[in-house]
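A quick write-up on the structure given underneath.
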Amino acid sequence: MCAHRTTQEQIVMLEDKDAALHALRHSLAHIMAAAVRQLRPDARLAFGPPVEYGFYYDFDFGETPIGENDLKQIEQGMRAIIKKREPFVREDKPCDEALRYLEEQGELYKLEYARELIEEGKAANGTLSFYTSGDFTDMCEGPHLEHTGQVPKNCFKLDRISGSYWRGDEKRPMLTRIYGLAFASGAELKEYLAMRKLAMERDHRKLGDELDLFIQDSEVGVGLPLWMPNGTVLRDELEKWAREVEFLAGYQRVTTPSVTRKELYLRSGHVPYYEDSMYPSMPIDEHDEYYLRPMCCPHHHKIYAARLRSYRDLPLRLCEYGDVFRYEKHGSLSGLLRVRAMCMNDAHIYCTPEQVASEFRNVVAMYQMYYGHLRMGNFRVRLSLHDKNSAKFVDRYEEWERSESIVREVLDGLDIKYEEESGEAAFYGPKVDIQVKNLMGREETVSTCQLDFMMPDRFDLTYVDADGERKRPFILHRAPLSTHERMISFLIELYGGAFPTWMAPVQVCLVPVNPAMLDYASETKDMLHTAFFRVEVDNSAESFNKKIRNAITRKIPNIWILGEKEKEAQAVTWRRYAEKEQQVVSRHAALNMLTTMRAQRLMDNFADVALPDC
RNA sequence: GCCGGUGUAGCUCAGAUGGUAGAGCAGCUGACUUGUAAUCAGCAGGUCGGGGGUUCGAUUCCCUUCGCCGGCUCCA
């Protein structure tokens, strides 16, 4: 009875291109499940939704898992089903019949889900929908194509196999997930595959190795990167920038240690709330235990608490690029993106309740300045809230509600677009997170700003107000430049390893046209070096062409070519990495230009940025 | 931590149904002295990730362990 209506709905929806793609991917997931069933009749079905670049389906293969070698055969099975032009027939089964059917089929996962849908009253008209194509039936809300023959030629490809927990819960069974790529046409699939291949060239792990930025060594330990001289330049430049920005914004720098007694973390609540993410404790002097710190906050709170604070001292802004250590799960580590030792652009702002909103605004403005300058345009803002059903969060319901509404109001007041997500907060308070996707499409939090209502109590932080009363300050935790590790991993990929002059490990490469020019080159080098520029002369025995090629391969932002003409005119021929067009500039002017570029932190790694006039 | 894949010279890769391995680039040496993306020649480089087992013999088969890759979980 409903098949008719559904077909009409589908036709309406198919007019929308996105909906059509959605239906295509949905149908391919169904077709894949059918093909998998032909190969492995015992496979149990779990979820199989469309996703950003295609679809996946989760299966339970019991004792005999499948591997990537099986994908070809499954793909062949799918093609055969597509060739048969099997119609997708919808049937709405009454709930009790649906449950009985799933139980008979032994579809335990689907059965669990069906029960849940019914309990939550999501079974429309007391029925659950099933789709059948050929001899394969699946409980599914649709919509699907009209028949399998509507799948465009070569529009899909089975991509990879991975594991996934049933309902995303690590305590429940591990299923096998098969990912497929699917697009509206074969051409679009090809385009995506080409794009993905190109993107791999910018992978920060690959570039990090090629450009000598960082290494990892299994004897040192996983997730513990070693920064090479070139990578350390990037860190230093970001830190230098942060120091200037923070100085102007009224922050004060502090320095605190990386290890600390357990007592501190009992007070802060890191033990037990955060203990799973910490390196195990070290026994010291028989009765004492120390931890590597996972965060700097408790140390900063102690600095606040060490002196009597007046309302006149607030807001007090303490900052530190601090090393922190977190015991991330082995399998989640990835290049610089997820590590176990990291250095964070940390700061804590202690302020009165009246100051919270304006301090929050200032922090957000700082983010916007950094992101705008670095041209990190592709992010979303997430308001991360607690989840009262989770034990991960401190159990103080009213304060959660209150602080969450403060943050929400600030964001609304700033007219910032954001998405709320529960269960993403810090254990001690709500956060505003800046979420960025890397080349591989993996989304991570880069920057975060948190409102803390709990630590002031735990650390008994107070200030004396104008009325002589002791009151609780609020705390903002913020890290706009993230950790060096994560920020630099994103920047490497965003810039394809080509950094602006102010950050670049080697800022200028001097290429003499012939050995007779070595003197002029070395004199020029001294001039730049004395002015604190990172400069190299290529005095190798290579050909001129090879020297140019080498400098370009290393993505050095500026090549200065020195020949007879240049020496005669006391000039250089300036070739930028970002732009082929080159210019002849007097050596004196060139130095001034470089100095300006450094001072302004010019983003000359982009072709639309011109060299300054000097 | 869990699931799947993978591991050959510094890097990118080739190769042998079990008889101890090659190429390009990089490195070193020499020649060439160069005006905008690879000059030529020679040399040197690997207990084929580690350990154990089967075998006359293993890098190749089996077990185990470590690293790496993609996911899941988790998070800056």
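A note on names: the letters A, B, ... follow the listed sequences, proteins ahead of strands, and every chain is numbered from 1. Quick caveat: nothing in here was measured; it's all calculated off a predicted structure.
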request  = Sort out the partner of B:U33 for me: Watson-Crick or G-U wobble, both distances under 3.5 Å, none otherwise.
outcome  = none

ask   = Roughly how far apart, to the nearest Å, are B:A31 and B:G35 at atom C1'?
value = 22 Å

Spacing of the C1' atoms in B:U59 and B:A16 (rounded, Å) = 10 Å

key: Identity of whatever pairs with B:G18 - Watson-Crick or G-U, under 3.5 angstrom   = none

message = Would you measure the distance from the P atom in B:G1 across to the matching atom in B:U55 and give it in whole Å?
response = 34 Å

Selection residues 325-345 of chain A - residue pairs positive for salt bridge (Lys or Arg N to Asp or Glu O under 4.0 Å), sequence neighbours left out = A:Glu170-A:Lys329, A:Glu328-A:Arg338, A:Arg338-A:Glu444

Gap between atoms CG and C1', on A:Leu510 and B:U36 respectively (whole Å) = 15 Å

query = Please give, in whole Å, the distance from B:U12 C1' to A:Lys206 NZ?
reply = 8 Å

task = Give the B/S/- string for nucleotides 71-76 of chain B, one per nucleotide from 5' to 3', where a protein heavy atom under 4.0 Å of the base yields B, of only the sugar-phosphate yields S, and otherwise -.
result = BBBBBB

query = In a check of salt bridge (Lys or Arg N to Asp or Glu O under 4.0 Å) between A:Glu536 and each of A:Lys547, A:Arg554, A:Lys525, which one passes?
reply = A:Arg554

key: Residue mapping more 5' on RNA chain B - nearest nucleotide basis, A:Ser334 or A:Arg575   = A:Arg575

query = Any idea how A:Tyr274 and A:Phe427 line up, ring-wise: parallel (<30°), tilted (30 to 60°), or perpendicular (>60°)?
reply = tilted

query = Which word best sums up how the rings of A:His301 and A:His477 line up, parallel for under 30°, tilted for 30 to 60°, or perpendicular for over 60°?
reply = perpendicular

inquiry  = Roughly how many Å apart are B:C13 and B:U6, using the P atom of each and rounding to a whole number?
reply    = 15 Å

key: Paired nucleotide for B:U6 [Watson-Crick or G-U wobble; both distances under 3.5 Å]   = B:G67

query = Going by the salt bridge (Lys or Arg N to Asp or Glu O under 4.0 Å) test, which pairs reach into residues 559-578 of chain A, not counting sequence neighbours?
reply = A:Arg576-A:Glu579

query = Nucleotide by nucleotide, 5' to 3', does protein get under 4.0 Å of the base (B), only the sugar-phosphate (S), or neither (-) in nucleotides 24-35 of chain B, counting heavy atoms?
reply = --S-----BBBB

query = With sequence neighbours excluded, what pairs up with A:Ala242 under the side-chain contact (heavy atoms from CB on, under 4.5 Å) test?
reply = A:Glu246, A:Tyr321, A:Asn345, A:Tyr370, A:Leu481

query = Toward the 5' end of RNA chain B, which comes first, A:Lys580 or A:Leu175, by nearest nucleotide?
reply = A:Leu175

ask   = Excluding sequence neighbours, so at least two apart, what forms salt bridge (Lys or Arg N to Asp or Glu O under 4.0 Å) with A:Arg243?
value = none

note = If pairing means Watson-Crick or G-U wobble with both distances under 3.5 Å, then the partner of B:C72 is B:G1

key: Separation of the C1' atoms in B:G27 and B:C72, to the nearest angstrom   = 43 Å

note = Taken in chain and number order and not counting sequence neighbours, the residues that satisfy side-chain contact (heavy atoms from CB on, under 4.5 Å) with A:Ser218 are none

key: For B:C28, the Watson-Crick or wobble counterpart (both distances under 3.5 Å)   = B:G42

key: salt bridge (Lys or Arg N to Asp or Glu O under 4.0 Å) contacts in which one or both residues fall within residues 197-207 of chain A, not counting sequence neighbours   = A:Glu201-A:Lys206, A:Asp203-A:Arg205, A:Lys206-A:Glu210

request  = Would you mind pulling out the nucleotide paired to B:A23, Watson-Crick or G-U wobble, both distances under 3.5 Å?
outcome  = B:U12

remark   = The side-chain contact (heavy atoms from CB on, under 4.5 Å) partners of A:Lys388 (sequence neighbours excluded) come to A:His386, A:Tyr397

